[in-house]
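All heavy atoms count here, side chains included; hydrogens, waters and symmetry mates do not. All values reported here derive from a predicted model rather than from experimental measurement.
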Amino acid sequence: MPAAYFVVRAIVTDASKRAAFDRWYETEHVPDAVKAFGASKAWRFWSLDDPSLHQAMYQFDDEAKLAAMLKGEALTKLVADFERDWPDVKRSRETLVLAQTFGE
């Protein structure tokens with residue numbers, strides 16, 4: 001089965017809050033999420049085209065593991081933590097399945 005991905009896009013419109021958001025995401029949120037979700041890998045990105053756009057991507061071994069995470073309590077808790085700490089940051093979520101890999 002191909003890998004599946006959970007992608008969270010966040011818009012941090014207040015430039016003065018981006019460094020704090022970045023530290024929180026790096027030191028608290030992603031480590032907690034990887035562990036709680038059972039993700040095999042995670043990545044974080046800041047857009048070069050839109051400095052307010054942050055993206056986190058979590059890799060799962062397959063769609064079944066992603067589906068189980070989406071129905072679990074870990075996601076509910078992490079969403080609540082995010083909303084508590086960053087109530088003004090708008091987010092969207094997306095789920096993806098790997099279609100093909102190119103290169104290494």
Side-chain angles (χ1 to χ4, degrees):
M1 285 198 127
Y5 299 86
F6 180 57
V7 180
V8 180
R9 289 182 182 87
I11 305 296
V12 185
T13 56
D14 186 341
S16 70
K17 294 182 179 181
R18 289 185 198 145
F21 179 86
D22 200 42
R23 278 190 306 279
W24 175 82
Y25 226 103
E26 177 183 346
T27 62
E28 292 182 44
H29 195 66
V30 166
D32 290 347
V34 168
K35 184 177 177 182
F37 292 167
S40 57
K41 291 183 183 178
W43 299 265
R44 294 177 53 241
F45 307 90
W46 281 103
S47 172
L48 294 174
D49 299 315
D50 177 357
S52 69
L53 176 60
H54 176 272
Q55 182 169 298
M57 181 181 296
Y58 303 90
Q59 180 179 321
F60 294 83
D61 294 337
D62 54 43
E63 287 181 64
K65 288 186 179 180
L66 172 59
M69 181 282 292
L70 292 170
K71 295 176 187 172
E73 291 182 25
L75 179 59
T76 302
K77 181 191 179 314
L78 286 164
V79 167
D81 290 348
F82 193 109
E83 290 172 353
R84 178 197 65 223
D85 293 341
W86 300 99
D88 297 330
V89 174
K90 304 287 185 234
R91 297 178 317 288
S92 63
R93 297 177 192 91
E94 187 172 7
T95 55
L96 306 169
V97 64
L98 184 64
Q100 189 174 8
T101 301
F102 298 90
E104 291 185 43

*When rounded to the nearest 0.5 angstrom, what distance separates NZ in Lys41 from CG in Asp61?*
10.5 Å
_Looking only at the aromatic ring of each residue, does the gap between the centers of Trp46 and Tyr25 stay below 6.0 angstrom?_
no
*Crowded around Glu63 CD? As in, over 12 foreign heavy atoms under 6.0 Å?*
no
*Please walk me through it: do Trp43 and Gln59 pass side chain to side chain contact (heavy atoms under 4.5 Å, CB included)?*
CA-CA 9 Å; Trp43 299 265; Gln59 180 179 321; 3.0 Å; yes
*asked:* Whether Arg93 engages the ring of Phe6 as a cation-pi pair (distance to the six-membered ring centre under 6.0 angstrom, angle to the ring normal within 45°) should be assessed.
replied: no
*How long is the gap from CG on Asp85 to CH2 on Trp24, to the nearest 0.5 Å?*
5.5 Å
*So Asp88 and Lys17, side chain to side chain contact (heavy atoms under 4.5 Å, CB included) or not? Walk me through it.*
CA-CA 11 Å; Asp88 297 330; Lys17 294 182 179 181; 4.2 Å; yes
*Check whether any side-chain heavy atom of Val30 lies under 4.5 Å from a side-chain heavy atom of Arg44, and answer yes or no.*
yes
_For the OH atom of Tyr58 and the CE atom of Met69, what is their distance to the nearest 0.5 Å?_
9.0 Å
*Would you sort out whether Ser52 and Asp50 count as a side chain to side chain donor-acceptor pair (under 3.5 Å), showing the intermediate values?*
CA-CA 5 Å; Ser52 69; Asp50 177 357; 2.7 Å; yes
_Phe82 side chain near Val89 side chain, heavy-atom distance below 4.5 Å_ = yes
_is_close_aromatic(His54, Phe45), centroid dist under 6.0 Å_ = no
_Ignoring hydrogens and geometry beyond distance, is a side-chain donor-acceptor pair present between Ser16 and Asp14 at under 3.5 Å?_
yes
*Interatomic distance, Thr13 atom OG1 to Leu53 atom CG [nearest 0.5 angstrom]*: 12.0 Å
*Taking a hydrophobic cluster as the set of Ile, Leu, Val, Met, Phe, Trp and Tyr residues connected by side-chain heavy atoms closer than 4.5 Å, whether directly or through intermediates, do Phe37 and Leu96 fall within one such cluster?*
no
*Do Leu70 and Thr95 touch side chain to side chain, with heavy atoms closer than 4.5 Å?*
yes
*asked:* I need the minimum non-hydrogen distance between Val12 and Arg18, along with the two atoms involved.
replied: O-NE, 2.9 Å
*Answer yes when Lys77 and Asp81 have at least one side-chain N-carboxylate O distance shorter than 4.0 Å, and no when they do not.*
yes
*Spacing of Asp62 atom CG and Leu98 atom CG [to the nearest 0.5 Å]*: 12.0 Å
*asked:* For a side chain to side chain contact (heavy atoms under 4.5 Å, CB included) check, start with the C-alpha distance between Leu78 and Asp32, then their side-chain angles and the critical distance, and finish with the verdict.
replied: CA-CA 8 Å; Leu78 286 164; Asp32 290 347; 4.0 Å; yes
*State whether Glu94 and Arg9 are salt-bridged, where the test is any N-O pair (Lys NZ or Arg NE/NH1/NH2 against Asp/Glu carboxylate O) under 4.0 Å.*
yes
_Point-to-point distance, once rounded to the nearest 0.5 Å, from CG of Leu66 to CZ of Phe60_ = 5.5 Å
_In this structure, would Val79 and Tyr5 fall into the same cluster of hydrophobic residues linked by side-chain contacts under 4.5 Å?_
no
*With hydrophobic residues grouped by side-chain heavy-atom distances under 4.5 Å, do Leu75 and Trp86 end up in a single group?*
yes
